[in-house]
There are 2 protein chains.
Amino acid sequence: MPQAEPPRMRGKVRSARSIPSLHGLTEMAARERAYHDLRYRILTGRLAPGTTLLETELAGLLSLSRTPVREAVIKLEEEGLVEVRPRHGVTIKALSLQDFANILDTYSALEVRAYELVAARGLTPEQTRLLERMVEDMETATATGDIARWSDLDDEFHAEIVSLCGNQRLQTALNAFWGQQYRARMMILPLRPLPDESNAEHRAVLDALKLGDRDLTRERQNAHRDRADKQQLELLRRSLGSSGLA
Amino acid sequence: MPQAEPPRMRGKVRSARSIPSLHGLTEMAARERAYHDLRYRILTGRLAPGTTLLETELAGLLSLSRTPVREAVIKLEEEGLVEVRPRHGVTIKALSLQDFANILDTYSALEVRAYELVAARGLTPEQTRLLERMVEDMETATATGDIARWSDLDDEFHAEIVSLCGNQRLQTALNAFWGQQYRARMMILPLRPLPDESNAEHRAVLDALKLGDRDLTRERQNAHRDRADKQQLELLRRSLGSSGLA
DNA sequence: CTTCACACCAATGTATACATAAGCCGACCG
DNA sequence: CGGTCGGCTTATGTATACATTGGTGTGAAG
């Protein structure tokens with residue numbers, strides 16, 4: 001899980017983070033194309049959870065041979081997005097409430113550590129300015145009630161900080177888990193209350209980062225994630241009553 | 001990185017954790033065989049860091065065709081154990097001091113979270129007994145100066161606790177990072193001082209776990225990892241002066 | 001009617017064949 | 001003598017062919 005994905009994607013479909021636009025997709029190598037294309041379709045719901053496809057069908061879908069598709073599927077399986085059952089094809093994984101909780105737990109543990117590292121390294125003036133501006137933008141979005149935009153900015157904010165941590169392996173692991181929680185996040189997006197608490201917590205965390213205070217950063221970010229995770233779990237619980245599919 | 005490796009391996013070569021004995025290796029499917037075989041050779045140093053082999057050579061080495069070998073190599077690359085450079089073959093990665101630090105950082109963040117989860121879930125009497133006995137065994141090994149045995153027990157102790165956390169994704173991620181730090185750990189093994197501090201900390205952590213006190217567990221385990229990680233980094237620094245290869 | 005067994009089929013896992021493109025070497029030109 | 005251009009070699013990436021194995025369906029027996 002660690003260590004992969006050097007190719008930085010541009011483009012923005014939903015989040016700046018890691019859903020590529022599929023824009024320059026034709027010029028990619030076949031395996032990468034298969035991987036990104038399938039990941040995109042899964043994360044955006046174009047391939048719904050529960051869907052099962054044979055390797056041959058996937059290959060047909062992407063107009064490729066089975067070989068690169070298979071390799072892409074292996075990666076997706078390691079990321080936890082699909083399940084392959086040897087004689088039954090690959091199934092797009094549904095997320096149970098428990099799955100979502102597990103993912104958030106792991107993701108948060110990693111993210112808090114990333115923040116700690118950033119605090120220890122310190123912020124440059126430019127980085128500080130950028131992050132402050134993002135916080136302001138989120139507050140603006142909140143004020144105008146644009147939750148979708150807020151969510152995107154939130155992703156960018158977290159991703160921006162994580163990108164400063166200087167630990168590539170940690171970042172790669174974070175990206176994988178981020179991909180897993182993405183669908184559930186999108187699902188509960190419309191249910192979210194105005195994120196005033198998050199905005200305040202972001203400011204608090206940013207202050208701790210600016211101070212370069214590692215312990216304070218850990219404490220605050222940990223609290224932020226804890227609260228946010230619990231809230232999201234609650235929303236998801238309501239939104240699917242523990243049935244399954246995310 | 002999350003989510004993989006259901007097949008529980010038996011056998012013990014060095015650690016109970018995740019270096020399979022390669023014992024029933026012949027009856028495995030080719031891809032799995034390639035993966036486990038290569039991983040084994042890398043972790044035990046039979047394939048030294050820096051070694052570069054072509055896909056064809058690997059295939060020959062394992063008496064397989066390139067296809068399953070290639071798939072295994074993809075997994076190993078995602079785990080960060082090898083690097084593939086498109087026209088230059090796959091290279092067994094060396095670990096720099098910085099790499100090792102990054103791995104430990106990530107690993108520790110995950111492990112602490114796993115411990116927290118165990119604390120929250122609570123220990124059964126049997127689990128408590130087992131863990132207490134392991135602590136005692138470690139103390140015995142320390143008393144007799146058997147550092148290698150202590151190290152194995154330490155691995156087992158940590159692995160045992162992690163296995164109780166109830167979060168499969170977290171465990172899988174931990175296993176991947178564990179594999180990465182294994183070589184460096186083995187390398188500095190003979191340099192380690194008597195682990196009296198670790199023994200005391202293990203007791204303290206176990207006490208916190210028995211109390212089911214999540215915050216206390218986090219605090220203590222975090223302190224334990226912090227200290228142990230720093231110590232290991234220092235040993236590694238001494239042992240290779242920042243040259244590279246681990 | 002239910003259950004067990006056998007045979008057939010098809011999907012995967014593996015091997016191989018082929019195309020592409022990158023590195024390397026040599027030759028030629030400046 | 002050095003640098004650059006071009007062709008050749010070869011490793012990889014992809015496609016395809018083949019074998020294996022497990023699942024399913026049918027039929028017969030209890």
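In this text the structure is predicted, and so the values were computed from the model without any measurement. Here is how names work: the chains are called A, B, and so on, in the same order as the sequence lines, proteins then strands, and each is numbered from 1.
Leu54(A) has its CG atom 5 Å from the P atom of dA11(C), to the nearest Å. Spacing between atom CE of Met28(B) and atom P of dT14(C) amounts to 12 Å, rounded to whole angstrom units. In this structure, Glu32(B) atom CD and dT14(C) atom P are separated by 9 Å, rounded to whole Å. Distance CD (Glu55(A)) to P (dT14(C)): 11 Å, rounded to an integer number of Å. Between Arg85(A) atom CZ and dT24(D) atom C1' the separation is 15 Å, expressed in whole Å. Following rounding to the nearest Å, Leu62(A) (CG) and dA15(D) (C1') show an atom-to-atom distance of 15 Å. Atom-to-atom, CG of Leu53(B) to P of dA11(D) comes out at 12 Å; the value is rounded to the nearest Å. To the nearest angstrom, C1' of dT20(D) lies 7 Å from CZ of Arg87(A).
If you check residues 65-74 of chain A against DNA chain C, the residues with a heavy atom closer than 4.0 Å are Arg66(A), Arg70(A), listed by number.
Salt bridge status for Arg169(A) with Asp105(B): absent, with no side-chain N to carboxylate O gap under 4.0 Å. One finds a salt bridge joining Glu55(A) and Arg66(A) here, because a Lys/Arg side-chain nitrogen approaches an Asp/Glu carboxylate oxygen to under 4.0 Å.
When only modelled atom types and interatomic distance are considered, Gln98(B) and Asn102(B) share a side-chain donor-acceptor pair under 3.5 Å. Side-chain contact annotation: Thr67(B) with Glu71(B), donor-acceptor N/O pair under 3.5 Å absent.
A donor-acceptor pair under 3.5 Å is formed between the side chain of Arg121(B) and the backbone N or O of Leu164(B).
Donor-acceptor pairing under 3.5 Å, judged by distance alone, is absent between the side chain of Arg31(B) and the base of dT14(C).
In terms of position on DNA chain C, the residue among Ser63(B) and Gly89(A) whose nearest nucleotide sits closer to the 5' end is Gly89(A).
Side chains of Glu111(B) and His158(B) form a contact here, defined as non-hydrogen atoms less than 4.5 Å apart.
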